[in-house]
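Here's the structure, in structure tokens; my notes come after.
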Amino acid sequence: MSDLKIYNSYSRQKEVFTPITPGHVGMYVCGPTVSGESHLGHARPYITFDVVFRYLQHLGYKVRYVRNITDAGHFEEEGREAEDKISKKAVLEKLEPMELVQKYTNLFHWAMDQFNTIPPSIEPTATGHIVEQIGMIQEIIRAGYAYEVNGSVYFDVKKYAANHDYGKLSGRIIDDLLETTRELDGQEEKRDRADFALWKNASPEHIMRWQSPWGVGFPGWHIECSAMATKYLGPQFDIHGGGMDLMFPHHESEIAQSTICNHTAPVRYWMHNNMITINGKKMGKSYNNTLTLTEMFSGSNPLLDKPYHPMVIRFFILQTHYRSTLDFSNEALKAAEKGLKRLWDAYEQLQKLPVDESATAPTQPALDQKVQQLLGELDDFMNDDFNTAKVLANFFELVPTINSIKDKVIESDAIGSETLLLLKTTMKTYMEEILGLRSVTEADNDKMKGVMDLLMEIRREARSRKDFVTSDKIRNQLAELGILVKDEKDGSMSYSVE
RNA sequence: GGUCCUUUGGCCGAGUGGCUAGGCAAAGCUCUGCAAAAGCUUCUACAGCGGUUCGAAUCCGCUAGGGACCUCCA
């Protein structure tokens, strides 16, 4: 089997993945800022890295997956009047800051559950790690790479850049940063405009504030990830993930802080997912073009033709490689919806197919071989920087074969029983365990099932009498309720609930 | 303005030197009481111009669109 290769944003090439500790992987992913509701764009990294998490485990690694909750406010816009994002919103909504944070954290968790993402191993909050952040800042000051001014602490980028590769991750040239012509207000505290805050003195209107060696204040944005990653994954860990838009300044700053504090480069493999766009433009709060996840699920936004099931969104995201931009459109979502239904229906039918216990030889060796080839390629696709799009393409190629066997268009022993078994198990592993897909339709309860079975039986009898008025009435009225009745080739009936 | 990325058939999207990815839509056929579903078939594209090469969607250059980051941002 091929080796797992990961595109490392830091080196800008695919590299064979080798964990620091054999058999174990430490992965950190930048989590949500819970000052507002998550939107479609936020869904991408969490679904992307959920699949990474799942696949690494599939490969046999024991993975510690850390994803933070940013619940401490930082600057709305650095340099301008300090506005703590969370405290500002709290005033508007007449809520306690932590009440607001709790509300959006709960909502986030609910949405992640809808997407069938596996919860991270550790989900640390920024507010719960103020002590660690202060400790890290102190260490950086001791090392001589940070300075205090009026109760705030800044990282000395120029000094760091003199003997470190600042800007490598984001492709930034330090001199350009230092010579930025753009005027920013309130930068006078910094020695240099490229410097960034590690700790910020809290003005009176800041509700979220903590005691520190430099007075009452709150941590800078970047330090929380460095502190929590170090605490739970060690000074150096394997994978750090997040959106591309975080490369600068967030991840670049993380590297600088951690490198000074821990005397080693913090991350082996940097992974960045691309953006979700809408009409070709990045979806983001500042663009005012976001679709929140609750809107996506309910369809309650003028941009949406209809509601979209969380699994449809998950599938939609996985149909594109994570490093490509993905453009939102109703057309694309509807196409994904239909595609997923076809794929999932075939998958469910496949699981119902009986497997001949005695190993049978394929009557169509070419088809048998084709199936084996399509299955054999899956791991290679995943190993090639998690190419879920290709994995799904192969499964779609298997759909006609599955349906043909089911409909007895081709004989059941066209492919050998061993191949059929392999198809069943591999598809189950991939669809459910690695890609994390699950049924879109509601699981019906026993009573509902009993009623449906009765209706199906009545309809079957009506049809056998050629009483099509009755059989059509049942089918049509169920259709109005969103239950689709299908007559199968063998005379049986099936139904699916939307 | 600086840095970087991108441009694939009606739409969405894989793909990095030779071998029609895949999905959705559309058309025809088969099956069917009628549907639906399913199956089969058809639709062979890579922004433009030049270059490298036996051969380019894939490498290089130029031109033209689009975008991201440079400030909070997934």
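Naming convention: chains lettered A, B, ... in sequence-line order (proteins, then strands); numbering from 1 in each chain.
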*Scan side-chain atoms only and decide if A:Asn273 and A:Arg44 contain a donor-acceptor pair under the 3.5 Å cut-off.*
no
*Side-chain donor-acceptor pair under 3.5 Å between A:Ser2 and A:Asp380, yes or no?*
yes
*asked:* Heavy atoms only, 4.0 Å cut-off, all strands: where does A:Met247 land among base, sugar-phosphate and nothing?
replied: nothing
*Electrostatic pair A:Glu252:A:Lys168 at N-O distance under 4.0 angstrom*: no
*Side-chain donor-acceptor pair under 3.5 Å between A:Tyr347 and A:Lys424, yes or no?*
no
*A:Asn273 side chain N/O closer than 4.0 Å to the phosphate oxygens (OP1, OP2) of B:A74?*
no
_Distance, C1' atom - from B:A45 to B:G2, rounded to whole angstrom_ = 36 Å
*Picking from B:G67, B:G39, B:G33, which would you name as closest to the side chain of A:Ser471?*
B:G33
*Looking across every strand, which nucleic acid part, if any, lies under 4.0 Å from A:Glu488 by heavy atom: base, sugar-phosphate, or nothing?*
nothing
_Modelled atom types, side-chain donor and acceptor of A:Glu480 and A:Asn476, under 3.5 Å_ = no
*NZ of A:Lys282 versus P of B:G66: gap in Å, rounded?*
19 Å
Could you pull out the protein-nucleic contacts involving nucleotides 41-45 of chain B (nitrogen or oxygen on both sides, under 3.5 Å)?
none

*Is any side-chain N or O of A:Tyr287 closer than 4.0 Å to OP1 or OP2 of B:C72?*
no
*asked:* I'd like to know if A:Asp50 and A:Arg54 make a salt bridge, using a cut-off of under 4.0 Å between side-chain N and carboxylate O.
replied: yes
_Within the 4.0 Å heavy-atom criterion, would you say A:Ser286 contacts the bases, only the backbone, or no part of the nucleic acid?_
base
_Hydrogens and angles aside, do A:Ser9 and A:His272 bring a side-chain donor and acceptor to less than 3.5 Å of each other?_
yes
_Classify A:Phe395 by what it touches in the nucleic acid, base, sugar-phosphate, or nothing, heavy-atom distance under 4.0 Å._
nothing
_What's the gap between B:G50 and B:U44 when it is taken at their C1' atoms, as a whole Å value?_
25 Å
*A:Lys103 and A:Glu37 ion-paired at < 4.0 Å*: no
*Base, sugar-phosphate, or nothing for A:Phe468, non-hydrogen atoms under 4.0 angstrom?*
base
_Any donor-acceptor pair under 3.5 Å linking the side-chain atoms of A:Asp384 with those of A:Tyr7?_
no
*Phosphate oxygens OP1/OP2 of B:G22: is one of them under 4.0 Å from a side-chain N or O of A:Asn394?*
no
*Is the base of B:C34 touched by the side chain of A:Asp487 through a donor-acceptor pair closer than 3.5 angstrom?*
yes
*Is there a donor in the side chain of A:Ser253 and an acceptor in the side chain of A:Gln257, or the other way round, less than 3.5 Å apart?*
no
*Atom CG of A:Asn403 to atom P of B:U30: distance rounded to whole Å?*
20 Å
_Span that lies between the P atom of B:C54 and that of B:A14, in whole angstrom_ = 33 Å
*So, A:His222 and A:His251: side-chain donor and acceptor under 3.5 Å apart, yes or no?*
no
*asked:* Can you see whether A:Asn274 engages A:Thr325 through a side-chain donor-acceptor pair at a distance of less than 3.5 angstrom?
replied: no
Distances under 3.5 Å only, N/O to N/O: pair up the protein atoms with those of nucleotides 5-13 of chain B.
from	atom 1	to	atom 2	distance (Å)
B:G13	OP1	A:Asp327	N	3.0

*May I ask you to list the residues of residues 472-485 of chain A, by number, that have any heavy atom positioned under 4.0 Å from an atom of RNA chain B?*
A:Asp472, A:Arg475, A:Val485
_Testing the 3.5 Å rule here: is there a donor-acceptor pair between the side chains of A:Ser496 and A:Thr441?_
no
*When the C1' atoms of B:G23 and B:G13 are considered, how many whole Å apart are they?*
8 Å
*Does A:Gly284 or A:Lys466 map to a spot on RNA chain B nearer the 5' end, using the closest nucleotide for each?*
A:Lys466
*Is any side-chain nitrogen or oxygen of A:Lys285 closer than 4.0 Å to OP1 or OP2 of B:C72?*
no
*asked:* Does either side chain, that of A:Glu377 or that of A:Gln373, offer a donor lying less than 3.5 Å from an acceptor on the other one?
replied: yes
_Proximity to the side chain of A:Asp245 - top-ranked nucleotide from B:A38, B:C24, B:C69_ = B:C69
_Using the six-membered base ring of B:A74, report whether A:Tyr46 stacks on it, requiring centroids under 5.5 Å and planes under 30° apart._
no
*Take the protein atom NZ of A:Lys334 and the nucleotide atom P of B:A26, then report the distance between them rounded to whole Å.*
12 Å
*Between A:Ser35 and A:Thr33, is any side-chain donor less than 3.5 angstrom from a side-chain acceptor?*
no
*Measure from CG on A:Asn289 to C1' on B:A74 and round the result to the nearest Å.*
13 Å
*Apply ring-ring contact (aromatic ring centres under 6.0 Å, His included) to A:Tyr55 and list each qualifying residue two or more places apart in sequence or on a separate chain.*
A:His58
*Considering only NZ, NE, NH1 and NH2 on the basic side and carboxylate oxygens on the acidic side, decide whether A:Arg475 and A:Asp472 come within less than 4.0 Å.*
yes
*If you look at every strand shown and take non-hydrogen atoms under 4.0 Å, does A:Ile276 touch a base, only sugar-phosphate, or nothing?*
base
*OP1, OP2 of B:C24 versus side-chain N and O of A:Arg342: anything below 4.0 Å?*
yes
*asked:* So A:His39, base contact, sugar-phosphate only, or nothing? Heavy-atom distance under 4.0 Å.
replied: base
*Side chain of A:Arg459 - closest among B:C69, B:A21, B:G33*: B:G33
*Answer yes if the side chains of A:Asn68 and A:Glu224 hold a donor-acceptor pair under 3.5 Å, and no otherwise.*
yes
_Base-pair map of RNA chain B as dot-bracket, where | denotes pairing with a different strand and pairs are Watson-Crick or G-U under 3.5 Å_ = (((((((..(((.....[...))).(((((.......)))))....(((((..]....))))))))))))....
*NA contact type, A:Arg463, heavy-atom cut-off 4.0 Å: base, sugar-phosphate, or nothing?*
base
*Quick check, are the ring centers of A:Trp110 and A:Tyr104 under 6.0 angstrom apart?*
no
Output a table of nitrogen or oxygen pairs between the protein and nucleotides 1-3 of chain B separated by less than 3.5 Å.
from	atom 1	to	atom 2	distance (Å)
B:G2	O2'	A:Asp176	OD2	3.1
B:U3	O2'	A:Gly171	O	3.0

